[in-house]
Amino acid sequence: MNRLSFLSFILLAAMALHAQVNVVPRPQTITLDARQRTLSLASLEGIVTPADVDMMRNAQFLSDYTRLPVNNQLGKKAVALRLQINPKMTADEGYSITTSEHGITIEGRTPAGVFYGIQIVRQLWPGAQTLPLGTIASQPRFSYRGMHLDVVRHFFNKDVVKRYLDMMALHGMNRLHWHLTDDQGWRIEIKKWPRLTQIGSMRDRTVIGRNMGIYDHTPHGGYFTQQDIREIVRYAQDRYITIIPEVDMPGHMVAALTAYPELGCTGGPYEVWPIWGVSDDILCGGNPRVYDFLKDVFTEVMDLFPSEYIHVGGDEVPKTRWQACPRCQQKIADEHLQAADGHTAEDRLQGYITRQMEQFLAERGRHLMGWDELADCDVNTSSLIMNWRDWKGVTDPVTQGFHVVRTPNSTLYFDHYQIPQDAWSNTLLFGGNAPLEKVYAYEPAPASLTAEQQARVVGVQANMWTEYVAYPELIEYQVLPRMAALAEVQWLSPEKKDYDDFLSRLPRLFERYDAEGWQYCKAALQKKK
């Protein structure tokens, strides 16, 4: 064999070994054995782990995936799958996976890092008989790696939410933004205000199509008891996922107003909204009872959710009712709120309400989070802004000093279509087009920002709104495999991303989807012609 042929052989062999590491998100480093040796998975005798609560739970997850027993009695010479904490690692959520003739070792600085390494092994497992010897390692680019789920427009029970959390875990995600209240329903039990769920959780009818004026006249509703929520929060915590609850205010509150009409400017009557869009009916900013209501709600929300941030919404708040409401106008006068800098006095009233809640949360050790409209509401820059409006004329909150989670409407709204436009008629969805390649190409911290501004981009999230998503299988179909593309955005720096390479790794990931029984859009792999 001449030198050129030998080098070609080595290159092809190396490519073949690298192909065995077909996982998502792709590890940042892959160092494989120069002699191309492999480990037979059939030789593994069991799982060894430190006798720590979190690590034992990690080991049980791994046992469930691999069917290997957890056996801490295995000796050092045993061929085993070992879980280890390595304090010398620098990133809390980073992992390292080393395959040798003695087995597989998954290391992390924390149990969370070990868990993310387990998810990589989980992807390698189905259908594989051997793994190449060597080490793969990675750490996430962003600390906030999120998905959003709307259970308001259509209600989904706790089993669906848990399944969604399982999908997130496989993709190395750590934040669930849970949208729990809106005009079309109230989905969280608040014991001090029982009619929120007794009345506000059920709508009598739902519009058909895109607000066509035709209704199904079928009651639709449901809610989560506080016991349900505690169970789901624990389930998420076991997977190193923090749930951030959203109670949207002062707009998107028609369900609450239906239950307690005295909280609105007109006094009603109201009905839990059967259509989609934005209602003029919002909480009355001049009614002292409204402030008591919000504090009571957020007190119970904080008791249920240990997350640092509580999401207060704040988007799409029409001021029509406030302009005509004597109590709101009196509040504006009493607080000396004035129009300025392109904002009306009513806009300033929204800022006033939001700051009251910001202070209320801060006094209890929490921080406020909300949609990017709040960046213009004089909230403190300690608030975390979710940047959803990416169209021209909207100021980027990072340039205003805020830390930001990117969730652009044009790219990361997974209720939008993901396949070519000529196939849109197959399923009625919200609209818009966010194909897999567009999601993969998204850059949250572009070079146009200064280094300081880039550092304030703390995370990325995709949103799953459910106006047109009425059953669980469609949720899965809409987020998979776009969730995989988002995972690479969340974990990899731009120079390490390669869309063709990503596509080559998806078939192995699809094997895991199939093993879990998840629905996904195979047509999403179609490249632009």
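- Between Y164 and the choices L176, V151, D159, the side-chain contact (heavy atoms from CB on, under 4.5 Å) rule is met once, by L176.
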### Task
List the steps, then state whether ring pair (Phe, Tyr, Trp, His ring centres under 6.0 Å) holds for W186 with Y223.
CA-CA 7 Å; W186 188 281; Y223 66 92; over 10 Å; no

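- Ion pair R205/D216 not flagged as a salt bridge, since none of the NZ, NE, NH1 or NH2 atoms sits closer than 4.0 Å to an Asp/Glu carboxylate oxygen.
- Aromatic rings of Y413 and F430 (six-membered ring for Trp) have centroids beyond the 6.0 Å cut-off, not under it.
- A cation-pi arrangement is absent between R289 and Y291, since the terminal nitrogen or guanidinium carbon is not both under 6.0 Å from the aromatic centre and inside a 45° cone about the axis.
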### Query
Given N380 and E358, is the side-chain hydrogen bond (donor to acceptor under 3.5 Å, both in side chains) satisfied, shown in steps?
CA-CA 8 Å; N380 194 288; E358 178 183 52; 5.3 Å; no

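- A salt bridge does not link E335 to R355: none of the charged side-chain nitrogens sits closer than 4.0 Å to a carboxylate oxygen.
- Y260 does not carry K192 over the face of its six-membered ring by the limits of under 6.0 Å from the centre and within 45° of the normal.
- The side-chain tip of K522 points at the ring of Y520 from less than 6.0 angstrom away and within 45° of straight on.
- A salt bridge links E443 with R141; the closest basic N to acidic carboxylate O contact falls under 4.0 Å.
- Cation-pi geometry between R482 and F414 is met: under 6.0 angstrom from the ring centre, within 45 degrees of the axis.
- Remark: D54 engages R57 in a salt bridge, criterion side-chain N to carboxylate O under 4.0 Å.
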